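Chain A is the first sequence line, chain B the second, and so forth, proteins listed ahead of strands; every chain is numbered from 1. Please read these numbers as outputs of a predicted model, since none were measured by experiment.
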Amino acid sequence: MNHFSTLNEPQQEAVMHTEGPVLILAGAGSGKTRVLTHRAAYLIEEKGVKPYQIMAITFTNKAAGEMRERIHQLVEYGAESVWVATFHATCVRILRRFIDRIGFETNFTIYDADDQKSLMKTICKNLKMDTKLYKEKMFLAAISAAKNELIGPEEFALSAGDDFVKQKQAQVYKEYQNALKRNNAQDFDDLIVHTVRLLRADAQVLEYYQERFLYIMVDEYQDTNTAQFQLIWLLAGKYRNLCVVGDDDQSIYKFRGANIFNILNFEKYFPEAKVIKLEQNYRSTQNILDAANHVIANNHGRKQKKLWTANGEGDKLVFHQFLTGFEEADFVAKDITEKVYKQGFQYRDCAVLYRTNAQSRLFEEKLIVSNIPYKIIGGVNFYARKEIKDLLCYLKTIDNARDDLAVQRIINIPKRGIGAATIGRVQAYAASCDISFYEALKRAEEIPSIGKAASKIRSFVLLIQSMRSKLGLISFSDLFREILDTTGYVAELEAEGTEEAKARMENIDELLGKLVSYEAEAEEPTLSGFLEEVALVADIDTLENDSNYVVLMTLHSAKGLEFPNVYLAGMEDGLFPSYMSIVSETAAEDIEEERRLAYVGITRAMKHLAVTCARERMVRGNLQLNRVSRFVQEIPAELFQKAASAEKPKPEASKPEAPRGRQTLGKGREAFHAKPTAATDTYRAPKNFGTAQKEPLEYSAGDRVRHIKFGEGTVTQIVEGGRDYEVTVDFDTAGIKKMFASFAKLKKV
DNA sequence: CGGGTCATGGTTTTT
DNA sequence: CCATGACCCG
């Protein structure tokens with residue numbers, strides 16, 4: 001009697017095939033985490049492998065934490081020495097120890113997206129880049145893409161050829177790396193890149209880790225990028241005991257450099273690999289699974305899998321098209337209330353999933369009004385909030401004033417009368433003496449033309465120095481409180497008295513709480529240790545399992561999670577799949593990635609799945625008209641509940657609820673006047689419709705149309721104007737044009 | 001220097 | 001719509 005007998009056959013096979021490379025193709029909900037944790041337990045208990053010889057790599061801290069926890073439940077002792085960490089945390093740990101061997105300092109700081117952006121800004125300024133023409137974001141994206149492919153600045157420059165833009169990028173890339181080095185900082189991508197570089201450059205270090213990690217497991221393997229693959233390749237290079245788990249159908253991070261060929265070509269890199277498919281789903285009902293299978297079947301070039309479940313058919317799916325996003329949110333709130341009060345669900349059993357973070361707002365408002373506890377995951381990361389970053393930069397400066405960015409951020413927060421001009425002079429001085437910004441501040445008196453700002457700088461430096469002198473004498477939390485006091489940061493917020501200021505103060509309290517618990521829990525608490533822990537935290541990591549609230553998040557964040565009751569909201573062409581993917585030059589590919597995202601969304605649901613959308617949606621202050629998402633159309637109608645419901649009798653016969661046929665503006669005027677859905681209690685005619693009736697359009701966003709002069713193109717946007725639609729079309733030859741529908745006479749093709 | 005006003009443009013997804 | 005940036009004036 002052991003815990004391995006509870007596994008199904010392929011799961012057991014995956015657990016017990018410990019030697020050599022293994023590729024586990026694990027469909028959604030097929031128990032892959034279970035396999036990984038049992039595999040670790042099996043290695044320890046049955047194979048006598050030492051826990052510290054096992055490494056499990058995940059993408060999020062939450063996943064890592066869960067895995068650690070579950071291994072702990074299986075294994076009597078030693079579970080805590082299994083190396084379970086995210087890619088980034090793994091690399092930081094390696095680099096903190098050995099990065100000096102490739103010419104960096106081991107006490108580097110980690111730059112987040114925000115820091116990268118401000119660094120990039122100064123670089124563009126220094127290089128006199130025209131940021132109107134070349135956006136900082138564009139440079140950062142190019143650099144990140146290069147790093148994900150392990151292309152360094154030199155190689156990038158060589159490959160630029162006579163491509164002018166690429167040459168610019170190469171120039172910026174080089175400067176950017178120099179600046180990072182000067183600031184003793186690494187960005188997220190560098191953590192991986194430098195680890196690979198280190199392992200390639202130093203045979204001793206490579207050998208050390210190869211001998212240490214005899215068994216390596218990688219979760220969510222489909223989302224690894226080339227750099228991450230190389231890292232694994234190196235670490236597993238000697239013993240090749242590599243077990244990767246993934247699902248090509250759930251690869252949704254191509255935009256971030258994920259290389260789907262890592263999973264598709266695994267057997268090429270490891271010809272001796274054992275391939276195991278996990279096809280039994282334990283999570284969802286057959287109806288939900290059928291819906292998912294039908295949607296994903298529209299993708300090409302995937303590894304064939306047939307998910308099945310023994311869970312039974314379950315309830316049918318629910319679909320509603322509403323008039324507005326407002327009504328959509330209303331429905332979700334009411335439905336959640338019903339699920340909780342009448343069907344015995346908990347709030348935590350419900351999740352609202354959407355494509356873009358912007359959609360959360362509507363739901364948030366409704367949930368507040370409906371008294372439903374909720375939590376929004378994503379959007380602005382806790383540690384990216386202004387007040388939090390400000391205070392972290394104080395800590396950074398006190399800890400290690402080598403980070404110019406941190407010092408510059410706080411030097412005038414709160415206002416000390418040190419303005420941009422002064423900062424510019426100090427920067428110039430620092431550059432000419434080749435010293436750090438903070439060093440230059442210390443010598444403020446020597447800086448020419450700095451005038452009376454020198455005394456203000458002096459007092460800032462004194463403030464920092466006095467804090468620093470207290471390090472080690474008082475606790476971190478006391479130090480933190482002292483920062484709040486002496487800088488007057490909280491006092492300023494108190495004076496403000498707004499709702500927003502209150503929220504900020506609460507966040508500061510939360511940060512203090514985290515500092516306190518870090519100090520209490522860490523074996524050897526250091527300021528850098530805290531800053532590092534905090535740098536690698538993603539918002540999804542803060543989702544606690546024992547709390548009871550409805551969760552709202554993007555489909556991307558939802559990967560790896562499951563909920564009994566799921567709402568897939570905003571299922572509209574143009575929103576999901578997004579315009580970007582529809583009009584993209586590689587639309588075919590991009591839509592497939594969106595479809596995988598839809599697949600991920602559907603398969604999050606265990607018992608109930610409600611799919612909703614709205615005809616009209618406010619996007620950036622404009623009213624957009626969208627049709628039902630093509631992904632909804634890909635779900636067979638019979639999987640949806642019939643609309644007719646006893647509680648909500650329909651006053652008039654309307655279109656079938658299942659999303660078949662014309663749901664768009666296409667079918668003449670009736671589409672506008674039909675009741676949007678049975679669940680929408682009153683139909684409110686859109687404004688402007690009363691008097692001058694517009695002709696409904698025969699096309700909608702995403703459609704191909706022909707213009708008499710401009711030729712063919714794709715509709716990217718339809719905005720409702722006063723008496724007409726303003727249609728934006730991306731023409732194949734003529735470029736993007738905005739025009740009024742009544743004049744343009746566009747024909748759908 | 002700092003605060004205010006006006007203009008612009010941007011969102012798809014994040015470790 | 002909202003956040004950020006440019007510009008202007010006290």
Classify the nucleic acid contact of A/N225 as base, sugar-phosphate or nothing, counting any heavy atom under 4.0 Å across all strands shown.
nothing

Can you measure A/L353 atom CG to B/dT13 atom P for me and round it to whole angstrom units?
15 Å

Protein-nucleotide distance (A/L597, atom CG; B/dT14, atom C1'), rounded to Å
13 Å

Under 4.0 Å, heavy atoms only, any strand: does A/N357 hit a base, just the sugar-phosphate, or nothing?
sugar-phosphate

Would you measure the distance from the C1' atom in B/dT11 across to the matching atom in C/dA6 and give it in whole Å?
23 Å

Results of ring-ring contact (aromatic ring centres under 6.0 Å, His included) for A/F530 - residues two or more places apart only
A/Y518

According to ring-ring contact (aromatic ring centres under 6.0 Å, His included), who are the partners of A/F59, at least two apart in sequence or on a separate chain?
A/F87

Are OP1 or OP2 of B/dT14 and a side-chain N or O of A/S557 less than 4.0 angstrom apart?
yes

State whether a side-chain donor-acceptor pair under 3.5 Å links A/Q230 with A/Q228.
no

A/K137 near the nucleic acid: base, sugar-phosphate alone, or nothing, with a heavy-atom cut-off under 4.0 Å?
sugar-phosphate

Not counting sequence neighbours, which residues clear ring-ring contact (aromatic ring centres under 6.0 Å, His included) with A/F139? List them please.
none

Under 4.0 Å, heavy atoms only, any strand: does A/T422 hit a base, just the sugar-phosphate, or nothing?
sugar-phosphate

Extract from the structure each pairing of a protein N or O with an N or O of nucleotides 3-5 of chain C at less than 3.5 Å, listing the distance.
from, atom 1, to, atom 2, distance (Å)
C/dG5, OP1, A/K121, NZ, 2.2

Starting the side chain at C-beta, find the nucleotide from B/dT15, B/dT12, B/dT13 nearest to A/E594.
B/dT12

Taking the minimum atom-to-atom distance to the side chain of A/F188, which one of B/dT14, B/dT12, B/dT15 wins?
B/dT15

Would you tell me if any nitrogen or oxygen in the side chain of A/S578 comes within less than 4.0 Å of OP1 or OP2 on B/dT13?
no

Could you tell me if the ring centre of A/F255 sits under 6.0 Å from that of A/H556?
yes

With sequence neighbours left out, write down each residue that passes ring-ring contact (aromatic ring centres under 6.0 Å, His included) with A/F576, or none if nothing qualifies.
A/F631

Options B/dG10, B/dT11, B/dT14, nucleotide nearest the side-chain atoms of A/K135
B/dG10

If you look at every strand shown and take non-hydrogen atoms under 4.0 Å, does A/F87 touch a base, only sugar-phosphate, or nothing?
nothing

Looking only at side-chain atoms of A/T86, point me to the closest of B/dC1, B/dT15, B/dT12.
B/dT15

Between A/I57 (CD1) and B/dT15 (P), how many Å, whole number?
17 Å

Take the protein atom NZ of A/K559 and the nucleotide atom P of B/dT15, then report the distance between them rounded to whole Å.
10 Å

Measure the distance from CZ on A/R617 to P on B/dT12 and round it to the nearest whole Å.
15 Å

Rounded to whole Å, the CE-P distance (A/M580 to B/dT11) equals 8 Å

So, using salt bridge (charged side-chain N to carboxylate O under 4.0 Å, His left out) as the criterion, who are the partners of A/E445 when residues are at least two apart?
A/R458

Starting at CD of A/E136 and ending at C1' of B/dG9, how long is that distance when rounded to a whole Å?
13 Å

How do A/D189 and A/K415 order along DNA chain B: which one's closest nucleotide is nearer the 5' end?
A/K415

Calculate the interatomic distance between A/Y253 atom OH and B/dT12 atom C1'; express it in whole Å.
11 Å

Donor-acceptor side-chain pairing of A/Q624 and A/Y579 below 3.5 angstrom
yes

Please work out if A/F255 contacts a base, only the sugar-phosphate, or nothing of the nucleic acid, heavy-atom cut-off 4.0 Å.
base

